[in-house]
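Written below as structure tokens is the structure these notes are about.
Residues take their numbers from the sequence shown, with the count starting at 1. Both counts, for ligands and for their atoms, begin at 1 and track the order of listing. Computed from a predicted structure; not experimentally measured.
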Amino acid sequence: MTGLTIDRVTKRFGEHAAVDALSLSINPGEFVALLGPSGCGKTTMLRMLAGFESVNAGSIQLGDRTLASADTHVPPEQRNMAMVFQSYALWPHMSVADNVGYPVKLRGLRGATYQQKVQQALALVELDAYAERMPQALSGGQRQRVALARCLVSDPSVVLLDEPLANLDRHLRATMEHSFRDFHRRTQATLVYVTHDQSEAMALASRIAVMREGRLEQWATPETLYRQPRTAWVASFIGQGSQLKVAAGRPGQRLEEAALMRGLAAIATERTQAVLVRPEHVTVVPEPPPLHDLRAQVEGVIFRGERYEMHLRLASGEALLAYHHAALVEGQQVGLILHEGWSLEPEA
Ligand SMILES: Nc1ncnc2c1ncn2[C@@H]1O[C@H](COP(=O)(O)OP(=O)(O)OP(=O)(O)O)[C@@H](O)[C@H]1O
């Protein structure tokens, strides 16, 4: 197990910085995700880790070994890393076992040791019974597990995964999330997982690097990203919620019910702090008493099975999302209690 240090790494294509002074320190054996919208530079960062792209500035270290810097470039095959792609990249003319064994066969491994390595890798992804099948005779999820076994066989220190579930349907993705967690638990390898799907990143990684336009927006655990997003942009990217202007709080501060409700009742010119309110922190009072402070109009009601999602409009004109256990009528006036909020940094 070896840790990875990414120190102010920059990659430019022409004038455009696809990755801009990105720094991350990844612990040995950690499972991390690079998360961000399309074009934010996730794949470019992963390709620099793998050695398929050079870096323009900054450095990448694996343990105390420098893999890349402006004047160093260790080739991919000498980095002790393995990469899993969205497209699986299996050889169609080779059996499952031959696909899995290919990287170590290239290194000259043969005989009983070879057989044992392949067998162990297949067992780790629970595909021992499929060794002689051809890839075409497997489901998408099974193919992705063959790709995982193939990267395991060479005992890499780091496994890089580029949107490995993007080609699978929703149900299979959920099953594969279990396979990935299991894979990580058994191998203890350092895993760097690229995705634009926040729920996938939250379910899998112990820490997530949220990227935006080549830069690191926030680097934190899934819980911290959800409860304490740094900026308005992260707050709108992770989970559901509403951003309200409040006359209370300062960036990085949690507001309790009393302060939040008071801050919302202030006059518009004093309400300058952006505050994130998650729907689970809103109580809807269908028939509020006449003196209830905060009111809203129901604009939309969506049935989500376990609850109703209420789209509300405050008197200030701001939109608010809430959950409720029963359907309410569109156009109806309701009272609200906001139990807590999180104060955000303004947009740069
Ligand atoms: N070889 C290249 N030449 C020129 N520009 C490139 C090259 N590779 C990537 N880019 C640009 O760099 C930026 C980041 O691309 P990258 O593929 O890393 O994004 P991404 O976050 O992985 O996106 P996606 O989720 O769509 O794969 C984009 O603007 C892209 O057009």
Side-chain angles (χ1 to χ4, degrees), residues 4-24 26 30-60 67-70 73-76 79 81-89 140 143-144 147-148 151 158-170 172-173 176-177 180 190-205 207-220 222 225 229-239 347-348:
L4 258 178
T5 310
I6 301 169
D7 185 24
R8 285 162 295 164
V9 164
T10 295
K11 178 68 186 181
R12 279 183 289 273
F13 293 112
E15 290 291 288
H16 175 70
V19 174
D20 195 358
L22 190 87
S23 296
L24 292 177
I26 300 169
E30 197 174 358
F31 191 156
V32 303
L34 305 183
L35 173 70
S38 180
C40 73
K42 312 176 291 287
T43 300
T44 304
M45 188 60 242
L46 203 71
R47 288 173 58 79
M48 287 192 284
L49 289 175
F52 300 137
E53 296 280 4
S54 60
V55 310
N56 293 124
S59 66
I60 299 171
L67 298 182
S69 66
H73 183 81
V74 174
R79 292 193 177 198
M81 293 184 179
M83 191 149 166
V84 178
F85 301 91
Q86 190 183 115
S87 57
Y88 326 131
R143 285 180 207 187
Q144 196 52 282
L148 278 177
C151 82
V158 180
V159 180
L160 307 171
L161 304 118
D162 191 5
E163 304 244 8
L165 302 183
N167 284 339
L168 305 180
D169 66 44
R170 241 178 66 169
L172 199 51
R173 288 167 82 116
M176 284 303 289
E177 282 177 8
F180 279 118
T190 306
L191 258 63
V192 184
Y193 189 104
V194 159
T195 179
H196 63 265
D197 181 331
Q198 50 117 350
S199 67
E200 202 171 285
M202 305 268 277
L204 289 170
R207 279 195 295 171
I208 300 174
V210 183
M211 290 177 67
R212 179 190 187 190
E213 293 171 9
R215 298 210 184 91
L216 186 65
E217 190 81 5
Q218 192 166 1
W219 170 227
L225 283 180
R230 193 172 63 79
T231 60
W233 188 83
V234 176
S236 59
F237 192 66
I238 305 279
E347 282 297 291

Applying a 4.0 Å heavy-atom criterion (strictly less than), which segment of H16 is in contact with ligand 1: side chain, backbone, both, or neither?
side chain
Which ligand 1 atoms, with their elements, are less than 4.0 angstrom from a heavy-atom of P37?
21 (O)
Could you pull out the closest heavy-atom pair between S69 and S59, with the gap in Å?
CB-CB, 4.0 Å
Quick one: which of G14, A17, S38, G214 has a heavy atom closest to atom 26 (O) of ligand 1?
S38
Nearest atoms (heavy-atom pairs only) where A203 meets E177
CB-OE1, 3.6 Å
Polar-atom distance check: T43 versus ligand 1, any N or O pair below 3.5 Å?
yes
Heavy-atom gap M45 to ligand 1 smaller than 4.0 Å
no
Looking at ligand 1, does G36 have a heavy atom less than 4.0 Å from it?
no
Determine whether E217 and T231 satisfy the following criterion, side-chain hydrogen bond (donor to acceptor under 3.5 Å, both in side chains), listing intermediate values before the conclusion.
CA-CA 8 Å; E217 190 81 5; T231 60; 3.0 Å; yes
Report the distance from atom CG of L160 to atom CG of L49, rounding to the nearest 0.5 Å.
5.5 Å
Does any N/O atom on E53 come nearer than 3.5 Å to any N/O atom on ligand 1?
no
Using a 4.0 Å cut-off to any heavy atom of G39, which atoms of ligand 1 qualify?
13 (C), 14 (C), 19 (O), 20 (P), 21 (O), 23 (O), 24 (P), 26 (O), 28 (C)
